[in-house]
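Shown next, in structure tokens, is the structure this report addresses.
Just so it is clear, the model here is predicted, and its values are computed rather than measured. The basis for the numbers below is simple: all heavy atoms, side chains too, and nothing from hydrogens, waters or symmetry mates.
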Amino acid sequence: MFLYFSCLSSDGEVLPHTLYADQLEIHLDTLNSFVAFGKVLVAAYLIDDEGHCTDLPIEAFDGWPIADHVLNLQEQYQMVLTT
């Protein structure tokens with residue numbers, strides 16, 4: 001899936017970025033990394049392999065990594081489903 005996002009440069013210019021990755025966690029951590037380095041997100045959305053677009057709430061990205069938490073939640077969910 002593709003992540004499209006834009007952030008503000010130090011002089012206020014809107015800079016667009018694109019990233020392809022198979023895992024959602026990579027996209028979420030990328031956005032958090034930009035925020036951690038002081039960038040201000042303007043917009044972010046995902047487009048999956050079928051072409052569906054999902055807007056991401058930029059206010060949810062606080063600069064802290066999230067991948068480990070998402071993977072842990074996924075493991076717990078799988079465990080509940082198999083028991």
Side-chain angles (χ1 to χ4, degrees):
M1 78 181 75
F2 283 94
L3 168 66
Y4 295 91
F5 67 102
S6 55
C7 60
L8 294 178
S9 68
S10 57
D11 62 355
E13 182 181 356
V14 176
L15 302 173
H17 300 280
T18 305
L19 172 69
Y20 180 84
D22 291 330
Q23 298 174 339
L24 174 64
E25 297 83 14
I26 292 171
H27 294 307
L28 300 178
D29 276 350
T30 297
L31 293 173
N32 274 315
S33 293
F34 269 77
V35 171
F37 283 105
K39 300 295 182 186
V40 176
L41 296 176
V42 176
Y45 60 94
L46 296 168
I47 297 184
D48 65 20
D49 295 333
E50 289 83 37
H52 298 107
C53 181
T54 303
D55 289 323
L56 298 175
I58 57 173
E59 61 275 0
F61 298 96
D62 58 5
W64 292 95
I66 193 168
D68 290 339
H69 301 291
V70 171
L71 292 173
N72 185 26
L73 183 61
Q74 183 180 9
E75 288 172 5
Q76 290 177 10
Y77 184 72
Q78 289 296 326
M79 188 172 63
V80 168
L81 287 176
T82 58
T83 57

> So Leu46 and His27, side-chain contact (heavy atoms from CB on, under 4.5 Å) or not? Walk me through it.
Replying inline: CA-CA 9 Å; Leu46 296 168; His27 294 307; 3.8 Å; yes
> Does the pair Phe2 and Leu19 meet the rule for a side-chain contact (heavy atoms from CB on, under 4.5 Å), with working shown?
Replying inline: CA-CA 6 Å; Phe2 283 94; Leu19 172 69; over 6 Å; no
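Residue Tyr20 places its OH atom among more than 12 non-hydrogen atoms of other residues, nucleotides or ligands, all under 6.0 Å distant.
When all heavy atoms are compared, the tightest approach of Asp55 to Tyr45 is OD1-CB, 3.6 Å. Across every non-hydrogen atom of Leu56 and Leu3, the tightest pair is CD1-CD1, 4.0 Å. Across all their heavy atoms, Leu15 and Ser9 have their closest contact at CD1-CB, 3.6 Å. Closest approach of Ala21 to Ile26, counting heavy atoms only: CB-CG2, 3.8 Å.
For the side chain to side chain contact (heavy atoms under 4.5 Å, CB included) test, residues two or more places apart in sequence or in another chain that qualify with Glu59 are Pro57.
Using a 4.5 Å cut-off on side-chain heavy atoms (C-beta onward), Phe61 and Leu28 make contact. A heavy-atom distance below 4.5 Å is found between the side chains of Thr30 and Phe5.
Ring-plane geometry between Phe34 and His17 is classed as tilted, the angle between the planes lying from 30 to 60 degrees on a 0 to 90 degree scale.
In the hydrophobic clustering (ILVMFWY side chains linked at under 4.5 Å, chained through shared members), Val14 is joined by Leu8, Val40, Val42.
Annotation: the span from Met1 atom CE to Ile47 atom CD1 amounts to 11.5 Å, rounded to 0.5 Å. The distance from the CD atom of Glu13 to the SG atom of Cys7 is 10.0 Å, given to the nearest 0.5 Å. One finds the CG atom of Leu31 at 11.5 Å from the CG atom of Asp62 (value rounded to the nearest 0.5 Å).
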